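Notes follow the structure.
What you see is a predicted model; the values in this text were computed from it and never measured. Both counts, for ligands and for their atoms, begin at 1 and track the order of listing.
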Amino acid sequence: MGRAKKVVLAYSGGVDTSVCIPYLKEEWGVEEVITLAADLGQGDELGPIKQKALDSGASISLVVDGRESFVTDYAFPAIAANTLYENRYPLSTALARPLIAKMLVEAAAEYGADAVAHGCTGKGNDQVRFDVSIAALNPELKVLAPAREWGMSREATISYGEQFGIPAPVKKSSPYSIDRNLLGRSIEAGPLEDPMTEPPEEVFAMTRAIADTPDQPEYVEIGFEQGVPVGVNGDRLAPIALIETLNELVGQHGIGRIDMIENRVVGIKSREIYETPALLVLIHAHRDLESLTLTADVTRYKFGVEQSYGELIYQGLWYSPLKEALDAFIQQTQQRVTGTVRLKLFKGNATIVGRRSDTSIYTPDLATYSDDDKFDHKAAEGFIYVWGLPTRVWAEKMRQG
Ligand code: ARG
């Protein structure tokens, strides 16, 4: 008796997930492996990937375009929440995982599979995100993670695959582990494991080196409706096009690179390089528009919510009661976050230089230092007396000893 009869495997086309196909069948007695390659804008050619799965022994090879949902249902809520894990990482990889989990669970239902599988190892965050998301969506379904258990080195994995006609990678494989989608690239391992080693220029693909960026600044205006980005420079853009346009525009100015040591869910510190041009700029612009449209107390309270929201995405809790509850709060706050933010892109910086909104609560009559000032200056005195009263009482007490 095998561990499962029919399995839907998350498939990337790489050696590890390809080897999972014969491994599941030969070692774990799985009768049928259906692969699912999610197109999240990673830019791979999906035709060859589809065939590669069949050549590696899959009975059915699915390719599902998830790009639209990825942007609308995963990236946009994260932008509304201004999420930056540990204040820096906009979660470009982490956001893809719950969507892939959902696709796996849906395919399992459609094809009558009793398990789903992924090729994650035991050290990363992604195994946590897959396993927990799948359990949340269908707790009956088994989750198989062969690469977590097989204990094969890279070389052993390649020779295992060769026995089953899976070709070894043709070019000398890159020392880096790279994850890529529409929202960005995550690059780790190899020389980057030394936290003091500067990332070589070759690891970047979406952002230019500052030395190669234009010598003139470029202005860009991003439009939002109820917290959702809807346009660039006055043109209304569909979600995928909006992200693609901004990646290009912003990346060209060398904006969107992050180099950080982050704390993984499994307790390990790891060094990761990211490039997420559109997503980072969208979060900064969105936060700025909130500064014009939200009250002070909502803004401050939301900071805490944003932090929790970012952590739960990172930690694999996208499908969770906390996420749903925080969504309700965030959605409520976004009703009047509509307007336009203007940024100047230049030499690695996206500087916010202006913002406007019909729902702005910035009040020129109150803010101005000119004669039009409507603020009641005398009222400030009484306010300060009351506001400072506890401090005054304390100071008097201290003087008396
Ligand atoms: N550290 C990132 C995260 O946990 C990315 C993980 C995948 N990184 C990679 N280079 N393959 O979301």
Side-chain angles (χ1 to χ4, degrees), residues 10-18 20 37-38 40-44 66 70 74-75 77-79 81 83-101 118-134 145 147-148 154 157 169 173-195 197 199-200 202-207 256-280 283 307-320 323:
Y11 189 67
S12 72
V15 175
D16 290 296
T17 51
S18 296
C20 283
L40 300 183
Q42 58 272 52
D44 289 335
F70 185 39
Y74 297 82
I79 292 166
T83 45
L84 294 174
Y85 180 67
E86 294 183 339
N87 275 330
R88 289 199 274 176
Y89 165 43
L91 299 158
S92 42
T93 291
L95 286 164
R97 304 313 182 210
L99 172 55
I100 297 171
H118 58 72
C120 299
T121 68
K123 290 178 74 173
N125 292 318
D126 287 330
Q127 54 167 349
V128 179
R129 299 171 184 148
F130 281 129
D131 290 15
V132 176
S133 298
I134 292 159
R148 193 157 59 194
R154 177 85 186 157
T157 309
S173 61
S174 134
Y176 306 107
S177 160
I178 300 174
D179 179 71
R180 156 152 219 180
N181 62 45
L182 202 52
L183 301 181
R185 292 172 74 251
S186 308
I187 310 114
E188 64 179 340
L192 299 172
E193 282 174 7
D194 178 353
T197 297
E202 61 176 16
V203 307
F204 298 105
M206 300 173 82
T207 54
R257 295 183 178 185
I258 300 157
D259 176 344
M260 69 187 280
I261 308 295
E262 70 190 41
N263 292 294
R264 285 193 196 158
V265 187
V266 294
I268 303 169
K269 278 194 188 291
S270 71
R271 202 278 185 93
E272 192 99 42
I273 307 298
Y274 298 103
E275 44 179 1
T276 61
L279 190 55
L280 265 190
I283 290 171
Q307 175 126 347
S308 301
Y309 202 81
E311 277 165 16
L312 73 81
I313 294 172
Y314 190 86
Q315 294 165 347
L317 300 173
W318 182 268
Y319 306 111
S320 70
K323 154 77 166 49

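- Here E86 contributes atom CD and I261 contributes atom CD1; the two are 10.5 Å apart, rounded to the nearest 0.5 Å.
- Contact check for R271 versus E193: no side-chain heavy atoms found under the 4.5 Å cut-off.
- On a distance-only criterion, D126 and ligand 1 share no N/O pair closer than 3.5 Å.
- No side-chain donor-acceptor contact under 3.5 Å links Y319 to the backbone of K323.
- Taking a cut-off of under 4.0 Å to the non-hydrogen atoms of N125, the atoms of ligand 1 that pass are 3 (C), 4 (O).
- Counting heavy atoms under 4.0 Å from ligand 1, residue Y176 does not touch it at all.
- Taking the side chain as every heavy atom from C-beta outward, T83 and P90 never approach each other to under 4.5 Å.
- In this structure, atom 12 (O) of ligand 1 lies nearest to the protein heavy atom Y89 OH, 2.6 Å.
- Every residue two or more places apart in sequence or in another chain was checked for a side chain to side chain contact (heavy atoms under 4.5 Å, CB included) with N87, and none qualifies.
- Taking distance alone, with nitrogen or oxygen atoms compared against 3.5 Å, T93 stays at or beyond that limit from ligand 1.
- Of the heavy atoms in E272, only side-chain atoms (C-beta onward) come closer than 4.0 Å to ligand 1.
- Those atoms of ligand 1 that come under 4.0 Å of a heavy atom in S186, given as number and element, are 5 (C), 8 (N), 9 (C), 10 (N).
- Relative to the six-membered ring of Y274, R257 misses at least one condition, a distance below 6.0 Å or an angle of at most 45° to the axis.
- With a 4.0 Å heavy-atom cut-off, ligand 1 is reached by the side chain of E262 but not by its N, CA, C or O.
- Under 4.0 angstrom from ligand 1, the non-hydrogen atoms of R129 all belong to its side chain.
- Atom 2 (C) of ligand 1 has as its closest protein heavy atom Y274 OH, 3.1 Å.
- I273 places none of its side-chain heavy atoms less than 4.5 Å from the side chain of S186.
- At a 4.0 Å heavy-atom cut-off, ligand 1 does not touch Y85 at all.
- Considering only non-hydrogen protein atoms, atom 11 (N) of ligand 1 sits nearest to S177 OG, 2.9 Å.
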Distance-only donor-acceptor hits, side chain of residues 310-318, under 3.5 Å, sequence neighbours excluded:
unit_1 : atom_1 : unit_2 : atom_2 : d
Y314   : OH     : N125   : ND2    : 2.7
Y314   : OH     : E262   : OE2    : 2.7

